[in-house]
Amino acid sequence: MTESATGFMDGILHDPKQPDQRSGPAWGAVISLALGTFGLVTAEFLPASVLTPLAHDLSITEGAVGQALTTTAIVGAISAPTMAVITRPLDRRIVIWAMTLLLILSNVLSAVAGSLPVLLAARVVLGIALGGFWSISAALAMRLVPSHLLRRAMSIILTGVTCATVCAAPIGAYVGDIWGWRTAFMIAAVVGAVTLVVQLITIPRLPPIGVTSFRSLLDVAKNPMIKVAMLVVLLVASGHFAGFTYIRAFLEKFPALDIETISLVLLAFGIGGFFGNLAGGLLAEHSLKAAAALPPLLIAMATVSLLTLGASAWATAIAVTVWGFAFGAVPVGLQTWMVLHATPEQAESAGGLMAATFQVAIAAGAIFGGLLMDNAGVASALTYSAVASFLGALTVFLLGPKREPQTT
């Protein structure tokens with residue numbers, strides 16, 4: 001066997017107890033993971049920005065297109081805790097490359113879809129990529145940078161989410177209107193291909209360092225701090241998506257904004273999320289408990305402001321911007337919390353549980369918010385968002401970590 005072939009096999013099949021030997025932080029690899037999160041979140045929510053023309057072209061209802069989002073979330077929830085188990089003998093960079101390839105395939109399938117079954121198949125592929133990527137990204141961050149820089153690395157990786165929040169919807173809608181919705185998906189596929197090239201160049205060998213199994217998932221889930229974190233994720237994420245999914249309907253009804261102003265308000269939400277992500281990373285470096293508790297408390301305050309001051313256009317715009325800022329900080333604190341309260345060998349299991357819980361919360365929040373919207377009005381969906389977010393913050397204050405995890 002040649003030296004290169006031997007190195008390749010050593011990277012795939014490796015003694016799980018052998019630690020990484022790295023001289024310094026691999027920031028290029030961290031940035032490549034941020035590109036991955038950008039591509040995944042863009043693809044996940046792209047159908048929403050091209051909803052009407054896509055439904056018309058495929059001769060299906062807009063509600064059926066909406067189910068494509070739910071399909072992705074459900075498959076992602078299943079994929080997240082199982083992908084680390086299925087791929088446990090593989091070098092983790094190979095897993096990341098495979099998930100990015102699935103991302104590209106999903107966008108291409110969506111672009112050429114001629115029927116709802118093909119579109120749903122594309123969304124299933126995306127769900128697998130989404131769950132698999134999120135399940136190991138935090139664990140990889142622990143290996144790419146020293147532990148005292150983990151919070152900063154997580155903030156950079158999750159910047160991809162907030163950038164997608166800012167860019168995906170308006171760019172997708174614009175491209176769909178000018179060149180057609182299929183072009184929007186093809187551009188997303190090209191972004192995925194660029195991401196893959198960067199990952200091929202920057203991500204070093206990352207042999208598996210722990211034997212992930214379904215038993216290890218159960219063991220991690222028994223950790224009291226992990227249980228609390230999962231509860232907080234369910235409350236905060238379901239509350240956010242129950243309310244914000246229908247924010248346009250609120251803006252059209254209460255402050256009665258026109259479509260141009262609504263677009264600007266939603267852009268402010270995305271920009272707020274970008275800066276919130278950066279602030280969340282800085283806050284997590286000083287107090288993990290504050291980083292996990294303050295963002296949901298801000299979301300609760302923002303939604304209460306909308307319910308009480310929603311007739312004012314300026315008050316609404318400020319509240320939505322604060323909401324975006326707060327939600328941009330949410331994943332940094334919670335994902336760092338879960339990973340740091342697991343052992344290094346359990347980091348992938350903790351990441352998988354975090355991703356699965358988040359996807360379940362997305363689906364549950366959107367469904368529950370829709371039921372409230374249809375039966376009690378949009379204000380009821382925002383009320384649930386405020387209550388759930390406040391309960392999430394209260395849970396962190398009462399049951400969250402009493403002291404910071406030790407880092408070296």
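The figures that follow rest on heavy atoms only: side chains count, while hydrogens, waters and symmetry mates do not. We count residues from 1, following the sequence as given.
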Does any N or O in the side chain of R92 come within less than 3.5 Å of the main-chain N or O of A139, such that one atom is a donor and the other an acceptor? no
Would a 4.5 Å heavy-atom cut-off, applied to side chains only, mark F390 and L235 as touching? no
Residue pair N107 / S110, side-chain donor-acceptor N/O under 3.5 Å: no
Please report the C-alpha distance between W27 and V30 in whole Å, then the side-chain angles of each, then the deciding distance to 0.1 Å, and finally whether the side chain to side chain contact (heavy atoms under 4.5 Å, CB included) criterion is met. CA-CA 5 Å; W27 291 116; V30 171; 4.1 Å; yes
Value for CZ (R93) from CD (Q199), rounded to nearest 0.5 Å, stands at 12.0 Å
Looking at every non-hydrogen atom in both residues, tell me the closest pair between A184 and L46 and how far apart they are. O-CD2, 3.8 Å
Is there a side-chain contact between L158 and M154 (heavy atoms, below 4.5 Å)? yes
Please give me the minimum heavy-atom distance between M373 and S380, naming the atom from each residue. N-OG, 4.4 Å
Starting from the C-alpha separation in whole Å, work towards a yes-or-no answer on side chain to side chain contact (heavy atoms under 4.5 Å, CB included) for L126 and L102. CA-CA 7 Å; L126 178 62; L102 290 178; over 6 Å; no
Between S287 (side chain) and A290 (backbone), is there a donor-acceptor pair under 3.5 Å? yes
Exercise: identify the closest heavy-atom pair between A356 and A77: CB-O, 3.3 Å
Give the ring-plane orientation class for F241 versus F327, where under 30° counts as parallel, over 60° as perpendicular and anything between as tilted. perpendicular
Any sub-3.5 Å donor-acceptor pair from S79's side-chain atoms to V75's backbone N or O? no
Please find the pair of heavy atoms, one from S32 and one from I203, that lie closest to each other, and give the distance. OG-CG1, 3.5 Å
Can you see whether T71 engages R123 through a side-chain donor-acceptor pair at a distance of less than 3.5 angstrom? no
Has F254 got more than 12 heavy atoms of other residues, nucleotides or ligands less than 6.0 Å from its CZ? yes
May I ask you to decide if V232's main-chain N or O and T395's side chain share a donor-acceptor pair within less than 3.5 Å? no
Sub-4.5 Å side-chain heavy-atom contact between L278 and T159: yes
Taking side chain as C-beta onward, heavy atoms only, is M354 less than 4.5 Å from Q359? no
Short side-chain to backbone donor-acceptor contact, S238 and G365, under 3.5 Å: no
So how far is it from L267 CG to I262 CD1, rounded to the nearest 0.5 Å? 13.5 Å
Can you tell me how far the CG atom of L394 sits from the CG atom of L297, to the nearest 0.5 Å? 9.5 Å
Can you confirm if the aromatic rings of F275 and F325 lie within a centre distance of less than 6.0 Å? no
Between OG1 on residue T183 and CE on residue M186, distance to nearest 0.5 Å: 8.5 Å
Taking S155 for its side chain and R151 for its backbone only, find out whether a donor-acceptor pair lies under 3.5 Å. no
Please report the shortest heavy-atom distance between P255 and T316, naming the atom on each side. CG-OG1, 3.9 Å
Test item: M99 and M83 side chains (from C-beta on) under 4.5 Å apart, heavy atoms: yes
Validation row: V191, L35 side chains within 4.5 angstrom (heavy atoms): no
Is any side-chain heavy atom of F358 closer than 4.5 Å to a side-chain heavy atom of L234? no
Between T261 (side chain only) and L257 (backbone N and O only), is there a donor and an acceptor less than 3.5 Å apart? no
Any side-chain to backbone donor/acceptor pair from N375 onto L371? Under 3.5 Å, distance only. yes
Run the numbers on I31 and T202 for side chain to side chain contact (heavy atoms under 4.5 Å, CB included), then give the verdict. CA-CA 9 Å; I31 291 172; T202 60; over 6 Å; no
Please determine whether side chain to side chain contact (heavy atoms under 4.5 Å, CB included) holds for the pair L90 and T87, giving the CA-CA distance in whole Å, both sets of side-chain angles, and the decisive distance to 0.1 Å. CA-CA 6 Å; L90 298 178; T87 63; 4.1 Å; yes
Taking all non-hydrogen atoms of both residues into account, name the closest pair between A326 and I299 and its distance. CB-CG1, 3.6 Å
Between CG on residue L103 and CG on residue L130, distance to nearest 0.5 Å: 9.0 Å
To the closest 0.5 Å, what do you measure between OG1 (T37) and CD (E44)? 11.5 Å
Taking the inter-plane angle between the rings of H240 and F244 on a 0 to 90° scale, is it parallel (under 30°), tilted (30 to 60°) or perpendicular (over 60°)? parallel
Check: I247 and L306 side chains under 4.5 Å, non-hydrogen atoms: yes
